[in-house]
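Inspection log for the structure reproduced underneath, given as structure tokens.
All heavy atoms count here, side chains included; hydrogens, waters and symmetry mates do not.
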2 protein chains.
Amino acid sequence: MPKTPPRTTSSPRPAKSELDHSRLSHLLGFQTSLAHVKLQKAFFSSMKDLDLRPVEFAILVLLAYNDKANQQNLCRSLSLSAPRLALVLDRLQERGLLSRERSDTDRRAHHVVLTAEGRRLALEAERLSHGMEEDILAPLSQGERQILGELLAKIVRGARA
Amino acid sequence: MPKTPPRTTSSPRPAKSELDHSRLSHLLGFQTSLAHVKLQKAFFSSMKDLDLRPVEFAILVLLAYNDKANQQNLCRSLSLSAPRLALVLDRLQERGLLSRERSDTDRRAHHVVLTAEGRRLALEAERLSHGMEEDILAPLSQGERQILGELLAKIVRGARA
DNA sequence: TATTGTTATACTCTATAACTATA
DNA sequence: TATAGTTATAGAGTATAACAATA
């Protein structure tokens, strides 16, 4: 008979008609996935005027602060596959937000660079992004937000204890 | 000219050939999305023998600890759309892991109930899930893991400060 | 040979509307 | 009229293999 470990969170009783999650709540993957749904909604409602999806936003902001980024860099930074990135870049390029320029030092690689309009939009979007998650983070104090960000960053960075 | 707030994390210098993420790191949505990629990989490698995807796992475990769950309950608990849930349940039902039974009190609703095999698999999967994220969480102390889980749970629960 | 990037394909997930059967 | 669930469809995300050009 498999040992049943104690409940990890203390939810006195689930709200009426709702289900008891206590056997899932030990999984960070479960929590991050639900949190992510909320954060995505906030993102889309903030960015709808700029018509930017999360990946597109991230690419523009990365490019605004990184010269000479090639597609490999972007793939690794955003955990994207190369084919996926190529398609996203196609769309941004069609919108006139960036261009791909062959590197002189390694003619296999493309530097991805923002156009003037791309840079303008990147900065506008970055400005908008501050406060974007305010409603979602309302249950947390400023200190808690800080800690949460740092703990997640540690996981993303990975490795060693 | 838009104000450029200070960098939120202190990454002295990005590793060579990698990009500076400091203008994205203030966004929880960015961190959770990258963390989630890692957690997903860990999930699939742990669960591949049981052939369970994250949603399927979550449904089985919820059902193992909640009698009389209907599809609305499951949708709300897992942030799934009703059409999506119906498809996932179809697959689990075809595998003989659960059945849908019309409620006597409201004949529109279906109670979703595990078969004996479904319950066996649910408990097996739950057992496997402890330790599943160990490698990913290695950078965090036990206390940090606890805190991270609680902060995410607060966000998921939502509302009031 | 290995690497950068592209194309093509197939599968999963998500969102929506239209439908049925019950209430 | 509203709710529980289903079906169908289109869009977006992901994974993989095969390819061209360059190193």
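- Atom CZ in B:Phe43 sits roughly 15 Å away from atom C1' in C:dC13 (whole-Å rounding).
- Atom CD of B:Gln72 is separated from atom P of C:dT22 by 17 Å (rounded to the nearest Å).
- A perpendicular orientation is assigned to the rings of A:Phe43 and A:Phe57, their planes being inclined by more than 60° (bins at 30° and 60°).
- Side-chain proximity of A:Ser81 to the nucleotides D:dT6, C:dG5, D:dT16 is greatest for D:dT16.
- Residues B:Gln71 and A:Ala82 each lie close to DNA chain D; by heavy-atom proximity, the contact nearer the 5' end of the strand is made by B:Gln71.
- Between B:Arg100 and D:dA4 there is no side-chain N or O to OP1 or OP2 distance below 4.0 Å.
- A straight line from CG of A:Asn70 to C1' of C:dT6 spans 15 Å, rounded to a whole angstrom.
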What pairs of nitrogen or oxygen atoms, one from the protein and one from nucleotides 17-23 of chain D, lie under 3.5 Å apart?
unit_1 : atom_1 : unit_2   : atom_2 : d
D:dA23 : OP1    : A:Arg107 : N      : 2.8

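- Side-chain contact annotation: A:Gln142 with A:Gln146, donor-acceptor N/O pair under 3.5 Å absent.
- Remark: the backbone N or O of B:Leu97 is paired with a side-chain donor or acceptor of B:Thr115 at under 3.5 angstrom.
- Nearest-nucleotide positions on DNA chain C for B:Pro54 and A:Arg84 put A:Arg84 closer to the 5' end.
- Rounded to a whole Å, the CG atom of B:Leu87 is 8 Å from the P atom of D:dT7.
- A:Gln31 places a side-chain N or O within 3.5 Å of a backbone atom of A:Ser25 that can act as its donor or acceptor partner.
- Within the structure, salt bridge (Lys or Arg N to Asp or Glu O under 4.0 Å) pairs that include any residue of residues 133-143 of chain B comprise B:Glu134-B:Arg145 (at least two apart or interchain).
- Listed for the B:Ser79 side chain is no donor-acceptor partner under 3.5 Å among the backbone atoms of A:Leu34.
- The distance between atom CG of B:Leu89 and atom C1' of C:dC13, rounded to the nearest whole Å, is 15 Å.
- Residue order along DNA chain D, read from the 5' end via each residue's closest nucleotide, puts B:His111 first among A:Ser79 and B:His111.
- One interatomic measurement links the two molecules: CG of A:Leu85 to P of D:dA12, which rounds to 17 Å at whole-angstrom precision.
- Atom-to-atom, CG of B:Asp51 to P of C:dT12 comes out at 10 Å; the value is rounded to the nearest Å.
- The two residues A:Ala42 and A:Met132 have their closest heavy-atom pair at CB-O, 3.8 Å.
- Rounded to an integer number of Å, the gap from CG of A:Asp90 to P of C:dT7 is 7 Å.
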